[in-house]
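Encoded as structure tokens, the structure appears first; notes follow it.
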Amino acid sequence: MSVTNQQMITDAFTLIGVVADGKQPTPIQSTVGIYVLNNNMLTQARDGWHLGWYPQTTANLNTTAPVRDEDVNDVTLALCAWLAGRYGITIDPDPDSTNEVSLYNQIKNAFRRLNKRSLNFTDADLGELSRPQGGPWGGPNWM
């Protein structure tokens, strides 16, 4: 199911209504798309998302996107949110949080899933557990 960077960008632009179904984004829109995708994916990686993303250029638009197949749809939905903000498009919240058809809920659930998946790859530093912790209420030499 591997998709190209361009396919993810096209899908995101289509979902937010910037590009009509069956049409391609302009070269400028594709450049903006890869720029927004890079910036936000690298920021998210810094905050803990470990999805395999590494910086892409416009020369990489037609190469396979560096994300796992199970993350493609969620990264595309995240890109929808990031592009909507860039293009001044408002994605209105759906009052029914169980409505899986609404774009707002799909995006919200995509971020939730990506955060949850990233927790599976988070390492914990348990080095302090072997250190004595002090008295019965903590702290060194309490009482």
Side-chain angles (χ1 to χ4, degrees), residues 1-140:
M1 179 188 147
S2 297
V3 300
T4 65
N5 293 315
Q6 184 64 59
Q7 287 171 306
M8 287 176 46
I9 292 166
T10 300
D11 289 348
F13 272 122
T14 301
L15 285 169
I16 63 173
V18 172
V19 173
D21 280 335
K23 302 291 183 184
Q24 290 291 316
T26 66
I28 291 173
Q29 288 170 327
S30 293
T31 300
V32 168
I34 200 73
Y35 172 79
V36 168
L37 189 56
N38 268 332
N39 284 344
N40 286 286
M41 289 297 287
L42 294 174
T43 298
Q44 293 297 342
R46 174 81 177 175
D47 289 341
W49 283 10
H50 303 288
L51 303 177
W53 186 266
Y54 55 91
Q56 303 291 292
T57 66
T58 53
N60 300 112
L61 283 171
N62 292 314
T63 59
T64 302
V67 292
R68 296 181 304 262
D69 286 347
E70 61 267 22
D71 294 330
V72 167
N73 186 53
D74 290 336
V75 170
T76 302
L77 287 166
L79 180 57
C80 286
W82 299 326
L83 287 173
R86 174 83 180 212
Y87 282 83
I89 296 168
T90 302
I91 301 172
D92 294 321
D94 190 329
D96 179 8
S97 63
T98 62
N99 180 5
E100 293 296 322
V101 177
S102 84
L103 183 58
Y104 179 86
N105 286 339
Q106 287 181 39
I107 291 170
K108 181 177 75 172
N109 290 332
F111 276 101
R112 183 183 52 76
R113 284 188 298 268
L114 288 168
N115 286 327
K116 185 177 177 181
R117 283 185 203 130
S118 293
L119 290 175
N120 291 331
F121 299 104
T122 301
D123 294 326
D125 178 15
L126 302 177
E128 293 186 13
L129 290 180
S130 62
R131 216 176 56 193
Q133 299 298 313
W137 292 281

Any pair with a residue in residues 22-48 that passes salt bridge (Lys or Arg N to Asp or Glu O under 4.0 Å), sequence neighbours left out, goes on the list, sorted by first then second residue, please.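 Sorted result for residues 22-48: empty, none.
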Could you list the residues that satisfy side-chain contact (heavy atoms from CB on, under 4.5 Å) with [X], not counting sequence neighbours?
X: T26; value: I28, Q29
X: N40; value: V36, W82
X: T63; value: N5, Q56, N60
X: N62; value: Q6

Of all heavy-atom pairs between [X] and [Y], which one has the smallest distance, and what is that distance?
X: A84; Y: I91; result: CB-CD1, 3.8 Å
X: M8; Y: L79; result: O-CD2, 4.0 Å
X: T10; Y: P25; result: OG1-CD, 3.2 Å
X: G33; Y: L83; result: CA-CD2, 4.1 Å
X: A78; Y: F111; result: CB-CZ, 3.7 Å

Stepwise, does the side-chain contact (heavy atoms from CB on, under 4.5 Å) test hold for M41 with V67? CA-CA 10 Å; M41 289 297 287; V67 292; 4.3 Å; yes
Going from [atom1] on [X] to [atom2] on [Y], what distance comes out if it is rounded to the nearest 0.5 angstrom?
X: S30; Y: L37; atom1: OG; atom2: CG; value: 11.5 Å
X: T57; Y: Y35; atom1: OG1; atom2: OH; value: 15.0 Å
X: N39; Y: I34; atom1: CG; atom2: CD1; value: 10.5 Å
X: I16; Y: L103; atom1: CD1; atom2: CG; value: 8.5 Å
X: I107; Y: D94; atom1: CD1; atom2: CG; value: 12.0 Å

State which residues pass side chain to side chain donor-acceptor pair (under 3.5 Å) with [X]; sequence neighbours excluded, sorted by chain then number.
X: R86; answer: none
X: T98; answer: D96
X: T4; answer: Q7

Can you list everything that forms a salt bridge (Lys or Arg N to Asp or Glu O under 4.0 Å) with R112? Sequence neighbours excluded, please. none
Could you list the residues that satisfy salt bridge (Lys or Arg N to Asp or Glu O under 4.0 Å) with D71, not counting sequence neighbours?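 For D71 the salt bridge (Lys or Arg N to Asp or Glu O under 4.0 Å) partners, ignoring immediate neighbours, are R68, R117.
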Show the numbers, then the answer: is there a side-chain contact (heavy atoms from CB on, under 4.5 Å) between N38 and W53? CA-CA 8 Å; N38 268 332; W53 186 266; 3.2 Å; yes
Applying side-chain contact (heavy atoms from CB on, under 4.5 Å) to L15 and L77, what does each step give before you reach the verdict? CA-CA 8 Å; L15 285 169; L77 287 166; 4.1 Å; yes
Test of understanding: with ring pair (Phe, Tyr, Trp, His ring centres under 6.0 Å), list the residues that count as partners of Y87, not counting sequence neighbours.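 Listed in chain order: F13.
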Within the structure provided, determine whether L42 and P55 are in side-chain contact (heavy-atom separation under 4.5 Å). yes
Yes or no on side-chain contact (heavy atoms from CB on, under 4.5 Å) for S97 and K108, after CA distance, side-chain angles and deciding distance? CA-CA 10 Å; S97 63; K108 181 177 75 172; 4.1 Å; yes
Tell me if a side-chain donor or acceptor on Q106 pairs with a main-chain N or O of V101 at a distance below 3.5 Å. yes
Heavy-atom donor-acceptor pair, D74 side chain to L114 backbone, under 3.5 Å: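 Side chain of D74 to backbone of L114: no pair is present.
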